[in-house]
There are 2 protein chains.
Amino acid sequence: MSGPTRSPTLADVADAAGVSLSTASLAFSGNKPVSDATRQRVLGAAESLGYTGPNPLARNLRQGRSGVVGIAVGQLSTAFRDPAALPMLDAVSEVLGAAGLGLLLMGDEDDHARLPLDAVIYDICGRETWAAYDAFVARGIPLVVVEGPTWPGTTFVDIDHRGGSAALARHLHDLGHRRVAVLTLEPSHPQRQREAGLRDVFPDAVVIGACASDHGAAQQLASDWFDSSPDATVLVCQSDVQAAAVVVEARRRGLSVPGDLSVAGFDGVPTPWLDLELTTIAQPLGDKGRAVARAALARIEGDDVEDVLLPVTLRVGSSTGPA
Amino acid sequence: MSGPTRSPTLADVADAAGVSLSTASLAFSGNKPVSDATRQRVLGAAESLGYTGPNPLARNLRQGRSGVVGIAVGQLSTAFRDPAALPMLDAVSEVLGAAGLGLLLMGDEDDHARLPLDAVIYDICGRETWAAYDAFVARGIPLVVVEGPTWPGTTFVDIDHRGGSAALARHLHDLGHRRVAVLTLEPSHPQRQREAGLRDVFPDAVVIGACASDHGAAQQLASDWFDSSPDATVLVCQSDVQAAAVVVEARRRGLSVPGDLSVAGFDGVPTPWLDLELTTIAQPLGDKGRAVARAALARIEGDDVEDVLLPVTLRVGSSTGPA
DNA sequence: TTGTAAGCGTTATCAC
DNA sequence: GTGATAACGCTTACAA
């Protein structure tokens, strides 16, 4: 019965098993063949010593890797409020997890300089978040940016915001719409691209306001807009959450969608509380996440990686109709 | 001009600055006083060598800490689909971030054995997630469990599910309700406690089904229930997401809430797409997150930590009325 | 298949 | 206030 002693190390296990340190290491890692007999002896010794496997910290230093990838998402609460964020996060986590890597959430406020990160993913985040950017580049940490403006030395994964928006605009034009209003996102790379796509078809589209992809904010903007007796026949939103909020507000005022007003969104997420299907641009959220994760993995391996541009799909629902 | 050389270490910086390794270390960490002059010399040398600060991996090994806390949340996509999850995650992240620690998302599927974690938080997750539990205990990693069944050697943070549900039940009883139906969560610690609280007042409450806190699933269950011509005057749900779905379905069928049916929820999250305020049990999500994070920090420091039980508040809205 | 030895880049202890 | 030196616990050439 000894006192509270330090936890056993691989060296202790090796001693107990009567083998060398390197052999014990191999018994655990399997990086080189070890005879069955000795492996059993090592594992047995580990078991009886209460050794739970190689210390990750030591391994990390030795291998120069932490096995952790950071993901910057701006403010957590707002970042995940939009359901479009989740399938992508899920896919990222799945691919990284399968490769044995963990995913670390990075808030805007935090100081990440001391965190052991093998790569960092920037997911649709605003200017503030870019602050730490240069520091990571200086540390030589691979960066993967989702839906951000291009930047040298970084891998980019994006969707065809502009093409998708233009396709939607053509659909609306075909339906006879000519007076188009837009509810945009706050200034960002996606916002600019999506607006540009819309203007490819409707150069005179009127922006009625900008807000986050948040139900409350969008409904308020819609309410103000309805109060102004607008003459547009369609309101194009830059997210489904916004579009759903507009539909709710229209209904609240006794307006019919799409009878009195057509409404369109962006993303292609479920809105089960609406009894109509939004017309929207569906983006491949899972594919996007997988592309991001794969890019991060490749960059960690030191491989060169091509930027990725994913296609989107116009999904015509029942929230748009003839002008 | 040399070829692609290894990145500079603290030893290189010390040499360049003409000081010892230990002094250079202190210049960065500030753990002991260093004269201003030498500090400047060290930082200058670092600057010109392109040294970006002490290698986190090395520091981690030396200090026996990774600066990373894991949080197990089951399936990511489902875990964050309920808006109640976010304010808590936000609070956890904020407190840990302020202490310089990162938060790592742990999916159910992944193998976390090789991740360098200083502590692990278990957030309302099912049995499956508990699989890795014993491994962490064996590794001596502090565990903090949110809304889970107690388990030796672990710190618990919970809310008063039972008391809250009982308070709601009394409110309903006061309104004259006697025939009570329940839409529960899938079997879990919170589910059992909340149901127990309800039965403290209504022992004969009828469970009409169980599902995740997901709009689509709850609406489907509600739909089936309405089809069965129920005679209950109130439907108590175990989350606001469920309750909102029930309200939507009731409306869709031309039923008035609370005229034809009273509906109650749990959590106290905003449901802006409803034009009524849910009667619900509001839980202090931010407080819960902060308590969890503080417990994790204390456990990492080796301190003893008391379990935490947070109070909840009955918030009477317009979704409940006289029987 | 197994053993020897050299680091990985820090921080902490101790003396000066 | 500064400097030498010993860990931290492991992986991986290289040798046997």
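The chains referred to below are lettered A, B, ... by the order of the sequence lines, with proteins before strands, and numbering in each begins at 1.
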Review point. Considering the terminal five base pairs at each end of the helix from C/dT1-D/dA16 to C/dC16-D/dG1, what angle separates the two local helix axes, rounded to 10°?
Key: 30°

Review point. Any side-chain donor-acceptor pair under 3.5 Å between B/Tyr133 and B/Thr154?
Key: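 Judged by distance alone, the side chains do pair up.
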
Practice item. Looking only at side-chain atoms of A/Val34, point me to the closest of C/dT13, C/dT2, C/dT11. Key: C/dT2

Check your understanding: Taking any atom under 4.0 angstrom from a heavy atom of chain B, which nucleotides of DNA chain D are the first and last to qualify, 5' to 3'?
Key ->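 The protein-touched segment is D/dG1 to D/dG9.
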
In whole angstrom, give the distance that lies between atom [atom1] of [X] and atom [atom2] of [N].
{"X": "A/Leu21", "N": "C/dG3", "atom1": "CG", "atom2": "P", "result": "10 Å"}
{"X": "A/Asn55", "N": "C/dC8", "atom1": "CG", "atom2": "P", "result": "19 Å"}
{"X": "A/Arg62", "N": "C/dA5", "atom1": "CZ", "atom2": "C1'", "result": "11 Å"}
{"X": "A/Lys32", "N": "C/dT2", "atom1": "NZ", "atom2": "C1'", "result": "10 Å"}
{"X": "B/Asn60", "N": "C/dG9", "atom1": "CG", "atom2": "P", "result": "14 Å"}
{"X": "B/Leu61", "N": "C/dG7", "atom1": "CG", "atom2": "P", "result": "17 Å"}
{"X": "A/Gln63", "N": "C/dG7", "atom1": "CD", "atom2": "P", "result": "18 Å"}
{"X": "A/Gln40", "N": "C/dT1", "atom1": "CD", "atom2": "P", "result": "14 Å"}

Report yes if at least one side-chain N or O of [X] is closer than 4.0 Å to OP1 or OP2 of [N]; otherwise report no.
{"X": "B/Thr9", "N": "C/dG9", "value": "no"}
{"X": "A/Ser35", "N": "C/dT2", "value": "yes"}
{"X": "A/Thr38", "N": "C/dT2", "value": "yes"}

Check your understanding: Does the side chain of A/Leu105 come within less than 4.5 Å of A/Leu76's, by heavy atoms?
Key ->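 Result yes, sub-4.5 Å side-chain heavy-atom pair found.
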
Practice item. Remember a base hit wins even if backbone is also touched, and classify A/Phe28 as base, sugar-phosphate or nothing at under 4.0 Å, heavy atoms. Key: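 A/Phe28: no heavy atom of the nucleic acid under 4.0 Å.
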
Check your understanding: Quick one: do B/Asp123 and B/Lys288 make a salt bridge, cutoff under 4.0 Å?
Key ->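 No, B/Asp123 and B/Lys288 are not salt-bridged.
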
Check your understanding: For B/Arg114 and B/Leu26, take the nucleotide of DNA chain D holding the closest heavy atom to each; which residue's nucleotide lies nearer the 5' end?
Key -> B/Leu26

**Study point:** B/Ala58 vs B/Gly18, nearer the 5' end of DNA chain D by closest nucleotide
**Key:**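 Mapping each residue to its closest nucleotide by heavy atoms, the 5'-most match is B/Gly18.
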
**Study point:** Any N/O donor-acceptor pair, B/Arg59 side-chain to C/dT10 base, under 3.5 Å
**Key:**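 No, the side chain and the base share no sub-3.5 Å donor-acceptor pair.
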
Point to revise | Pairs involving residues 82-96 of chain A, ordered by first then second residue, that meet side-chain hydrogen bond (donor to acceptor under 3.5 Å, both in side chains) (sequence neighbours left out) | key: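 Of all non-adjacent pairs touching residues 82-96 of chain A, those that pass side-chain hydrogen bond (donor to acceptor under 3.5 Å, both in side chains) are A/Asp82-A/Ser213, A/Asp90-B/Ser77.
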
Exercise for review: To the nearest 0.5 angstrom, please state how far the CD1 atom of B/Ile300 sits from the CG atom of B/Asp118.
Suggested key: 5.0 Å

Check your understanding: Atom CD in A/Gln283, atom CE in A/Met88: separation rounded to 0.5 Å?
Key ->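 Answer for the CD-CE pair, A/Gln283 versus A/Met88, is 9.5 Å.
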
Practice item. Compute the centroid of each ring, for A/Phe28 and then for A/Tyr51, and state whether the two points are separated by less than 6.0 Å. Key: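 Close enough - the centres of the two rings lie under 6.0 Å apart.
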
Check your understanding: Taking the six-membered ring for Trp, are A/His112 and A/Phe136 parallel (under 30°), tilted (30 to 60°) or perpendicular (over 60°)?
Key ->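 If you compare the ring of A/His112 with that of A/Phe136, the planes turn out parallel.
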
Practice item. Could you tell me which non-hydrogen atom of A/Gly70 sits nearest to which non-hydrogen atom of A/Leu117, and how far apart they are? Key: N-CD2, 3.9 Å

Practice item. Determine, step by step, whether A/Asp12 and A/Arg6 satisfy the salt bridge (charged side-chain N to carboxylate O under 4.0 Å, His left out) criterion, reporting the C-alpha distance in whole Å, the side-chain angles of both residues, the deciding distance to 0.1 Å, and the verdict. Key: CA-CA 11 Å; A/Asp12 299 329; A/Arg6 64 162 180 58; 3.0 Å; yes

